[in-house]
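Residue numbering restarts at 1 for every chain, and letters A, B, ... go by the order of the sequence lines. Just so you know, these numbers come straight off a predicted model, no measurement behind them.
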Amino acid sequence: MYIKKATLAIIEELKQLYPDALCSLDYGTDFELLFAVRLSAQCTDARVNLVTPALFARFPTLEDYAQADPKEVGKYIHSCGFYNAKAQDLVTCAQQLLSRHDGKVPDTMEDLTALAGIGRKTANLILGDIYKHPSYVCDTHCIRITGRLGITDGSKDPLQVERQLRKALPPAESTDFCHRMVLFGRDTCTARTAKCEVCALRPYCKMGKKLKID
DNA sequence: ATCCCGAGGG
DNA sequence: CCCTCTGGAT
């Protein structure tokens with residue numbers, strides 16, 4: 001499997017920038033990570049981290065969610081947006097984890113995406129962070145930045161991007177790479193006005209080369 | 001007005 | 001492919 005030199009250079013540069021490629025969501029147990037990721041849909045991680053301490057304290061176990069009134073769960077997560085759907089998903093997902101998986105978070109894409117509210121992006125994150133499988137977390141940051149860098153062809157379709165990243169990245173680097181995309185996307189390669197003038201990846205980036213700085 | 005580590009349904 | 005779900009930050 002051939003990996004482009006530019007891609008390897010980008011990977012190394014990102015390691016320098018972010019030695020710890022950590023998920024920025026706060027959680028204790030495996031299912032709490034699963035739930036925090038569900039809550040993070042169209043919401044900042046910082047916002048999720050603001051509500052999860054009270055949520056996790058009120059509902060410590062899967063049984064607590066499984067028996068909960070979605071209305072009450074919704075109150076704890078209101079500020080994250082999509083709170084009706086998310087609250088119902090946590091309750092249903094907890095019931096499914098208990099009935100289908102003995103209360104354990106499953107370790108296959110098929111089982112994970114069969115759970116309420118768990119799509120491919122969340123499943124990939126769980127496979128990478130909990131089970132240490134090669135994973136391709138194609139969220140808004142990863143899709144935007146790999147497109148700008150020319151690692152992908154610019155497609156916005158998560159499945160397309162995932163297929164392209166599967167060929168473009170060394171599998172052992174994939175999970176950390178995706179986490180670093182998020183960190184990099186928050187502080188440098190931002191959506192609206194990317195800070196190309198201070199970007200360490202500008203030499204490798206089509207978008208950065210276009211603008212004439214200095 | 002646009003974006004935030006999306007998912008599900010038509 | 002499209003649409004809806006939703007609040008908060010910039």
Side-chain angles (χ1 to χ4, degrees), chain A residues 14 17-18 20-27 30 32-52 54-55 70-71 73-97 105-106 109-130 133-149 151-152 154-162 165 169 173-195 207:
Chain A
L14 285 167
L17 286 171
Y18 307 103
D20 302 311
L22 296 177
C23 176
S24 44
L25 291 165
D26 298 331
Y27 65 98
D30 292 355
E32 285 178 347
L33 175 60
L34 184 70
F35 286 5
V37 179
R38 173 66 188 102
L39 294 182
S40 77
Q42 296 298 293
C43 171
T44 60
D45 283 7
R47 170 61 52 186
V48 175
N49 289 337
L50 235 41
V51 310
T52 44
L55 177 73
K71 286 284 193 182
V73 176
K75 288 177 182 169
Y76 285 84
I77 65 173
H78 178 269
S79 68
C80 294
F82 301 147
Y83 53 90
N84 285 322
K86 288 175 178 177
Q88 184 59 64
D89 282 342
L90 297 197
V91 172
T92 304
C93 184
Q95 294 167 349
Q96 292 169 332
L97 287 171
V105 175
M109 177 63 73
E110 191 179 356
D111 285 345
L112 283 164
T113 53
L115 295 166
I118 308 305
R120 197 168 180 91
K121 178 253 168 174
T122 302
N124 263 314
L125 193 150
I126 294 296
L127 292 173
D129 271 26
I130 303 292
H133 298 178
S135 70
Y136 302 81
V137 186
C138 298
D139 53 78
T140 183
H141 295 294
C142 182
I143 292 168
R144 178 181 72 249
I145 300 169
T146 54
R148 285 176 177 175
L149 287 170
I151 294 176
T152 68
S155 166
K156 301 299 177 194
D157 174 19
L159 257 182
Q160 284 265 88
V161 172
E162 183 177 332
L165 291 185
L169 301 174
E173 307 276 2
S174 63
T175 301
D176 286 352
F177 178 87
C178 290
H179 279 313
R180 289 180 175 120
M181 285 294 96
V182 176
L183 301 173
F184 184 58
R186 285 207 280 249
D187 53 50
T188 303
C189 198
T190 46
R192 302 180 199 196
T193 48
K195 297 166 185 163
M207 180 176 162

Q. In Å and rounded to the nearest 0.5 Å, what is the CE to CG distance from A:M207 to A:L149?
A. 10.0 Å
Q) In Å and rounded to the nearest 0.5 Å, what is the CG to CG distance from A:L25 to A:L125? A)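 Output value for this atom pair is 7.5 Å.
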Could you tell me how far apart [X] ([atom1]) and [N] ([atom2]) are, to the nearest whole angstrom?
X      : N     : atom1 : atom2 : result
A:L39  : C:dT6 : CG    : C1'   : 13 Å
A:I118 : B:dG9 : CD1   : P     : 13 Å
A:R120 : B:dG9 : CZ    : C1'   : 19 Å
A:N124 : B:dC5 : CG    : P     : 17 Å
A:Q42  : C:dT4 : CD    : P     : 15 Å
A:N49  : B:dC5 : CG    : P     : 11 Å
A:H179 : B:dC5 : NE2   : C1'   : 9 Å
A:E162 : B:dG6 : CD    : P     : 15 Å

Q. Does A:Y83 put a side-chain nitrogen or oxygen below 4.0 Å from OP1 or OP2 of C:dG7?
A.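 For C:dG7, OP1/OP2 do have a side-chain N/O of A:Y83 under 4.0 Å.
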Q. Counting only side-chain N and O atoms of A:T122, is one of them less than 4.0 Å from OP1 or OP2 of B:dA7?
A.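 Yes, such a contact exists.
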Q. Touch check for A:L115, heavy atoms < 4.0 angstrom, all strands: base, sugar-phosphate only, or nothing?
A. sugar-phosphate
Q: For A:G81, answer base if it contacts any base atom (sugar-phosphate contacts may also be present), sugar-phosphate if it contacts only those atoms, and nothing otherwise; contact means non-hydrogen atoms under 4.0 Å.
A: base
Q: Using the P atoms only, state how far B:dC5 lies from C:dC3, rounded to an integer number of Å.
A: 24 Å
Out of [options], which has the shortest distance to the side chain of [X]?
X      : options             : result
A:N84  : C:dT6, C:dG7, B:dC5 : C:dT6
A:R47  : B:dC5, B:dC4, C:dG8 : C:dG8
A:R192 : B:dC5, C:dG8, B:dA1 : B:dA1

Q: Could you say whether the aromatic ring of A:F82 and the base of B:dG6 stack, counting only centre distances under 5.5 Å and plane angles under 30°?
A: yes
Q | Pairwise 5' ranking along DNA chain B for A:T113 and A:S40, keeping only the more 5' one | A |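 The answer here is A:S40.
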Q) Under 4.5 Å between any side-chain heavy atoms of A:L34 and A:L97, yes or no? A) yes
Q | Non-hydrogen side-chain atoms of A:L127 and A:M109 separated by less than 4.5 Å | A |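 Yes, close enough: below the 4.5 Å cut-off.
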Q) Start at the 5' end of DNA chain C and walk down; is the nucleotide closest to A:C80 or to A:D157 reached first? A) A:D157
(Q) If we count only N and O atoms by modelled type, under 3.5 Å, do the side chains of A:D187 and A:Y18 hold a donor and an acceptor together? (A)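 Distance-only check passes for A:D187 and A:Y18.
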**Q.** Polar side chain donor-acceptor pair, A:Q88 to A:T92, under 3.5 angstrom
**A.** yes
Q. Hey, can you pull the residues of residues 135-146 of chain A with a non-hydrogen atom under 4.0 angstrom from DNA chain B?
A.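 Heavy-atom cutoff 4.0 Å gives A:V137, A:D139, A:T140, A:H141, A:R144.
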Q) Does the A:K86 side chain pair with the main chain of A:C80, one donor and one acceptor, at a distance under 3.5 Å? A)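 Judged by distance alone, yes, a pair lies under 3.5 Å.
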Q. Are any side-chain N or O atoms of A:S155 and backbone N or O atoms of A:D157, one a donor and one an acceptor, separated by less than 3.5 Å?
A. yes
